[in-house]
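The next block holds one structure in the form of structure tokens; read it before the comments.
Keep in mind that the numbers below use all heavy atoms, side chains included, and drop hydrogens, waters and symmetry copies. Sequence lines set the chain letters: A, B, ... in the order given, protein chains first and strands last, and positions in each chain run from 1.
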Amino acid sequence: MRYWLIKSEPTTYGIDHIAKDKTTSWGGVRNYQARNFMRDQMKVGDQAFFYHSNCEEPGIVGIVEVSAAAHPDETQFDKKSPYYDASSKREEPRWLNVDFKFVKKTPLVSLNELKKHKKLDRMRILQKGNRLSITPVDPDEWKYIVKLMAA
DNA sequence: GCCAACGTTGGC
DNA sequence: GCCAACGTTGGC
């Protein structure tokens, strides 16, 4: 079982959206590295920090869990979707995604807070210029952050 | 709104 | 296969 961090913009699809939906298909990811994480490494039961990006207070705001393994991303075949990909064929889908289910909201652990902890300075999210929307989280880092939330 | 960092595209 | 140009991300 692995741990992850997934980014989303709260105005587009934030923690309150998934709290209401209960589960959601994590479609629209158009980055090969992120796709490969979902396709090759994510398993049902893996947990992920839900991170709000591009907003007033960027940071971790909740926990979600993988509820379905990678499957073809429906938005790539939908001509009306902003994620439509004309070069992807049904017989050979280019984009895949997992489903996530809501676990809980957590107290905000802001980006600024994360930066303060020496233990966390290797996290992908804290590296300069990192834009990857799905990144692995080390089990030690996970535990450390969960403790921060409880404090 | 700015801009640095990054991924992708396409001409050669 | 190189690399400049472009578009996007995301913190500030």
Side-chain angles (χ1 to χ4, degrees), chain A residues 2-21 23-42 46-66 69-100 102-138 140-142 144-149 151:
Chain A
R2 294 174 193 269
Y3 296 104
W4 306 91
L5 182 146
I6 62 171
K7 290 187 208 171
S8 193
E9 300 189 16
T11 52
T12 308
Y13 194 87
I15 192 70
D16 289 328
H17 294 99
I18 192 169
K20 181 160 163 284
D21 294 345
T23 71
T24 193
S25 200
W26 207 246
V29 174
R30 294 294 178 268
N31 171 285
Y32 290 106
Q33 251 184 294
R35 180 205 65 183
N36 293 350
F37 282 140
M38 289 196 281
R39 185 190 61 190
D40 305 333
Q41 298 191 31
M42 276 194 189
D46 281 7
Q47 293 203 315
F49 289 131
F50 196 103
Y51 178 95
H52 279 171
S53 67
N54 209 4
C55 58
E56 206 156 311
E57 285 197 293
I60 296 166
V61 292
I63 291 174
V64 297
E65 186 175 310
V66 177
H71 54 82
D73 179 341
E74 282 306 314
T75 64
Q76 71 195 306
F77 306 122
D78 178 2
K79 284 190 178 157
K80 283 175 291 200
S81 167
Y83 304 114
Y84 177 66
D85 184 347
S87 59
S88 183
K89 301 278 161 285
R90 283 229 173 242
E91 315 81 73
E92 206 183 336
R94 174 176 302 178
W95 304 109
L96 304 172
N97 67 269
V98 300
D99 295 355
F100 287 112
F102 176 72
V103 174
K104 62 178 178 180
K105 287 171 109 173
T106 64
L108 172 76
V109 184
S110 69
L111 179 60
N112 275 331
E113 176 69 21
L114 292 170
K115 282 179 181 166
K116 286 180 192 160
H117 297 270
K118 192 109 204 322
K119 267 225 155 206
L120 303 175
D121 63 9
R122 299 192 62 202
M123 289 184 78
R124 289 286 287 273
I125 191 88
L126 301 180
Q127 308 310 309
K128 197 178 181 186
N130 173 63
R131 301 184 316 172
L132 198 52
S133 64
I134 297 176
T135 50
V137 173
D138 208 78
D140 287 340
E141 291 165 350
W142 180 277
Y144 190 85
I145 293 169
V146 168
K147 265 189 204 162
L148 288 182
M149 289 165 170

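Counted by atom type alone, Arg30(A) and Thr75(A) present one or more donor-acceptor pairs between their side chains at under 3.5 Å.
Taking the six-membered ring for Trp and thresholds of 30 and 60 degrees, Phe50(A) and Tyr13(A) have ring planes inclined between 30 and 60 degrees apart.
With sequence neighbours left out, the salt bridge (Lys or Arg N to Asp or Glu O under 4.0 Å) criterion links Arg39(A) to no other residue.
The nucleotide range of DNA chain C contacted by chain A, defined by atoms under 4.0 angstrom from heavy atoms of the protein and reported 5' to 3', is dG7(C) to dC12(C).
Residues Arg35(A) and Asp73(A) are not in side-chain contact: their nearest non-hydrogen atoms beyond the backbone lie 4.5 Å or more apart.
In this structure, Lys118(A) does not pair ionically with Glu141(A), as no charged nitrogen and carboxylate oxygen lie closer than 4.0 Å.
The nearest heavy atom of DNA chain B to Asn54(A) and to Arg131(A) marks one nucleotide each, and the one closer to the 5' end goes with Asn54(A).
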